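Just so we're clear, the structure is a prediction, and the values are computed from it rather than from any experiment.
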Amino acid sequence: MLIPHDTRIALDTVVDLVNTAPENEPPRGDPGGGLAGGSEDGLADIAALYAFAERHLISGVGTLGEKDLATVRDVRARFAEVFAAPDPRAAADLVNRLVAAAGTTPQLTDHDGYDWHVHYFAPDASIADHLAADCGMALAFIIVAGEQERLRRCEAPDCGHAFVDLSRNRSRRYCSSRTCGNRLHVAAYRARRKEAAG
């Protein structure tokens, strides 16, 4: 599946945004290998919102306040609904409402060393509208391509992080093969050894 550079960046951004929600925080491992669930909000305050914007190189952020934090959290919740949508029609309806509310204004731009690409947000858009427009259109690209099933949640029982499965055969099951996938494989291996020894 060929995905343009700017769409890929927007997909990475929307996944990271959805995964900042408290119910999506990864579990913290203890020294004994047990797990304790985390519930911190990755957008707990305005400083965290600034950090998110900086991490994703979101341009034109300006001064952020409590209203920005609240509206970004609302956009985050609506993006989470897209990942949970049962079918493409439901996902499309959710995306349509998001991008319409953001007042999308497509424009070509070539800033910061990137070749020509499309921004879907108005030049003076709030950070919430910026995210809703650009990330919403990236999700629209996936739906239009007939690939809505690539919008997934990690199958690790104690994770649930969102991710976009870009594997050739749509076979990815975990948000990260290094963490969740490896942890479950190790647990299965230990269970088999324990059963064989018992």
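Linking Ile, Leu, Val, Met, Phe, Trp and Tyr whenever their side-chain heavy atoms come within less than 4.5 Å puts Val82 and Val99 in one cluster. Taking hydrophobic clusters as Ile, Leu, Val, Met, Phe, Trp and Tyr residues chained together by side-chain heavy-atom distances below 4.5 Å, Ile143 shares a cluster with Phe83. Connection of Val95 to Val15 is established within a shared hydrophobic cluster, with ILVMFWY side chains joined at heavy-atom distances below 4.5 Å, either directly or through further cluster members. Both Leu151 and Leu166 are assigned to one and the same hydrophobic cluster, defined by single-linkage of ILVMFWY side chains at heavy-atom distances under 4.5 Å.
With contacts defined as side-chain heavy-atom distances shorter than 4.5 Å, the pair Phe141/Pro4 qualifies. Under the 4.5 Å side-chain criterion, counting only non-hydrogen atoms from C-beta, Asp129 is not in contact with Thr104. With a 4.5 Å cut-off on side-chain heavy atoms, Asp134 and Thr13 do not count as touching. Contact check for Ile3 versus Leu11: side-chain heavy atoms found under the 4.5 Å cut-off. The side-chain heavy atoms of Thr105 and Phe121, taken from C-beta on, include no pair separated by under 4.5 Å. No side-chain heavy atom of Leu94 sits under 4.5 Å from any side-chain heavy atom of Phe79. With contacts defined as side-chain heavy-atom distances shorter than 4.5 Å, the pair His161/Arg153 does not qualify. Side-chain contact check for Cys180 versus Arg173: every heavy-atom pair is 4.5 Å or farther apart.
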Practice problem: I would like to know whether Leu69 and Leu64 meet side chain to side chain contact (heavy atoms under 4.5 Å, CB included); could you show each step before the answer? | Solution: CA-CA 8 Å; Leu69 183 60; Leu64 299 175; over 6 Å; no
Practice problem: Kindly determine whether Leu57 and Ile9 satisfy side chain to side chain contact (heavy atoms under 4.5 Å, CB included), including the steps that lead there. | Solution: CA-CA 10 Å; Leu57 305 175; Ile9 289 172; over 6 Å; no
Quiz item: Can you list the steps and then say if Arg89 with Asp93 is a salt bridge (Lys or Arg N to Asp or Glu O under 4.0 Å)?
Solution: CA-CA 6 Å; Arg89 184 167 302 282; Asp93 182 53; over 6 Å; no
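Arg150 and Glu147 are joined by a salt bridge, as a carboxylate oxygen and a charged side-chain nitrogen come within less than 4.0 angstrom of each other. Using a cutoff of 4.0 Å between basic side-chain nitrogens and carboxylate oxygens, Asp41 and Arg73 are scored as salt-bridged. In summary, Arg152 and Asp165 engage in a salt bridge, as defined by a charged side-chain N under 4.0 Å from a carboxylate O. Asp12 has no carboxylate O lying under 4.0 Å from a charged side-chain N of Arg55, or vice versa, which leaves the two without a salt bridge.
A distance of 11.0 Å separates OH in Tyr174 from SG in Cys159, rounded to the nearest 0.5 Å. Atoms SG and NE2, on Cys135 and His56 in that order, are 8.5 Å from each other to the nearest 0.5 Å. For the atom pair Glu66 CD and Ile46 CD1, the distance stands at 4.0 Å (nearest 0.5 Å).
Counting heavy atoms of neighbouring residues, nucleotides and ligands inside a 6.0 Å radius, atom CZ of Arg170 exceeds 12 of them.
Contact detail for Leu49 and Leu43: the closest heavy-atom pair is CA-CD2, 4.0 Å. Nearest approach of Ala102 to Ala132, heavy atoms of both residues: CB-CB, 3.8 Å. In terms of heavy-atom proximity, Val61 sits nearest to Ala53 at CG2-CB, 3.8 Å. Pairing each heavy atom of Met137 with each of Tyr120, the nearest pair is CG-CG, 3.4 Å. Among all heavy-atom pairs drawn from Thr20 and Arg76, the shortest one is OG1-NH1, 3.0 Å. Heavy atoms only, all atoms of each residue included: Arg172 and Val164 are closest at NH1-O, 3.6 Å.
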